[in-house]
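Shown next, in structure tokens, is the structure this report addresses.
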Amino acid sequence: IYLKIKSEEDEKKIQQLLKNTGMKIEASAKDNLTKNKSINTGHLRRGIANFRRGMTVTIHTSNIKYAPMVEYGTRSHIIKPKNKKALYWKGAAHPVKKVNHPGSKAKPYLIPAFEKEIPYFIDKLKEVVEW
């Protein structure tokens, strides 16, 4: 899509719109995690951030490896130890060589936040640019 920006002032308006949209998506994603009682860690919530550079805004999860697994869920899989001979956790009867994980249901938080904000963003953008 080619957008024709009318003036430098309009470009600043778009940059402010991007900044505001990024902050709203970040806040909404964090809120989605807070509302989902099956997610019991604040680490993912604290890792969500946004930054804007020029005419681009990025919302990310600070390289938290399990973030996509929460958003999209996982298939069943086997968990094996990486650095030890066995797995053990508090409450386990004994160490085990592997665990058959049944998979986990998706708990989307970032995509719904994005989808919620986009209609507003597009409406505001239409006020500033020519299509």
Next item on the list: With side chain to side chain contact (heavy atoms under 4.5 Å, CB included) as the test, would you mind laying out the steps for Asp10 and Val129 before giving the verdict?
Entry: CA-CA 8 Å; Asp10 288 342; Val129 297; over 6 Å; no

Notebook entry, point to check: More than 12 non-hydrogen atoms from neighbouring residues, nucleotides or ligands closer than 6.0 Å to CG on Asn63, yes or no?
Noted result: no

Margin query: Using a 3.5 Å distance criterion without hydrogens, assess whether the side chain of Ser76 forms a donor-acceptor pair with backbone atoms of Pro102.
Written below: no

Notebook entry, point to check: Can you tell if the side chain of Tyr66 reaches within under 4.5 Å of the side chain of His43, non-hydrogen atoms only?
Noted result: yes

Check: For Tyr120, does the OH atom have more than 12 heavy-atom neighbours from other residues, nucleotides or ligands under 6.0 Å away?
Finding: no

Notebook entry, point to check: Should the pair His101 and His77 be assigned to parallel (<30°), tilted (30 to 60°) or perpendicular (>60°) ring geometry?
Noted result: parallel

Check: What residues form a side chain to side chain donor-acceptor pair (under 3.5 Å) with Gln16, not counting sequence neighbours?
Finding: Asn20

Note to self: For a 4.5 angstrom cut-off between non-hydrogen side-chain atoms, does Leu110 reach Ile59?
What the structure shows: yes

Check: More than 12 heavy atoms of other residues, nucleotides or ligands under 6.0 Å from NZ of Lys124: is that the case?
Finding: no

Item checked: Worked verdict on Trp89 versus Val96 for side chain to side chain contact (heavy atoms under 4.5 Å, CB included) -> CA-CA 10 Å; Trp89 57 94; Val96 294; 3.9 Å; yes

Margin query: Return the CG to CD distance between Leu17 and Glu127, rounded to the nearest 0.5 Å.
Written below: 9.0 Å

Item checked: Exam field: side chain Ser28 to backbone Lys24, donor-acceptor pair closer than 3.5 Å -> no

Item checked: Shared hydrophobic cluster, Ile25 / Ile111 (ILVMFWY, side-chain heavy atoms < 4.5 Å) -> no

Margin query: Nearest 0.5 Å, please: how far is OG1 in Thr58 from CZ in Arg53?
Written below: 9.5 Å

Note to self: Show the nearest heavy-atom pair for residues Ala67 and Thr61, with the distance to one decimal.
What the structure shows: CB-OG1, 3.5 Å

Notebook entry, point to check: Do Gln15 and Met55 touch side chain to side chain, with heavy atoms closer than 4.5 Å?
Noted result: yes

Next item on the list: Please answer: with hydrophobic residues joined when any side-chain heavy atoms are less than 4.5 Å apart, are Met23 and Ile48 in the same cluster?
Entry: no

Note to self: If you compare all heavy atoms of Lys97 against all heavy atoms of Pro81, which two are closest, and at what distance to 0.1 Å?
What the structure shows: O-CD, 3.1 Å

Check: Could you walk me through whether Lys19 and Val57 pass the side chain to side chain contact (heavy atoms under 4.5 Å, CB included) check?
Finding: CA-CA 7 Å; Lys19 179 181 177 182; Val57 65; over 6 Å; no

Next item on the list: Can you establish whether the number of heavy atoms outside Phe114 located under 6.0 Å from its atom CZ is more than 12?
Entry: no

Check: What's the spacing between Phe51 CZ and His60 NE2 if we round to 0.5 Å?
Finding: 5.5 Å

Margin query: What I'd like to find out is whether the side chain of Leu18 reaches to under 4.5 Å of the side chain of Thr56, using heavy atoms alone.
Written below: no

Margin query: Using the rule given for side chain to side chain contact (heavy atoms under 4.5 Å, CB included), can you reason through Leu125 versus Ile14, listing the C-alpha separation, both sets of side-chain angles and the distance that settles it, and then say yes or no?
Written below: CA-CA 7 Å; Leu125 188 61; Ile14 293 170; 4.0 Å; yes

Note to self: Could you check whether any side-chain heavy atom of Lys35 comes within less than 4.5 Å of a side-chain heavy atom of Asp31, counting everything from C-beta outward?
What the structure shows: yes

Margin query: For Gly47 versus Ser62, what's the shortest heavy-atom pair and its separation?
Written below: O-OG, 2.8 Å

Next item on the list: Report yes if the side chains of Leu44 and Leu33 come closer than 4.5 Å at any heavy-atom pair, otherwise no.
Entry: yes

Checklist line | Any donor-acceptor pair under 3.5 Å from Glu26 side chain to Asn50 backbone | finding: yes

Note to self: Less than 4.5 Å apart, side chain to side chain, heavy atoms only: is that true for Leu87 and Ile79?
What the structure shows: yes

Notebook entry, point to check: So, do Val70 and Tyr109 sit near enough that their side-chain heavy atoms are less than 4.5 Å apart?
Noted result: yes

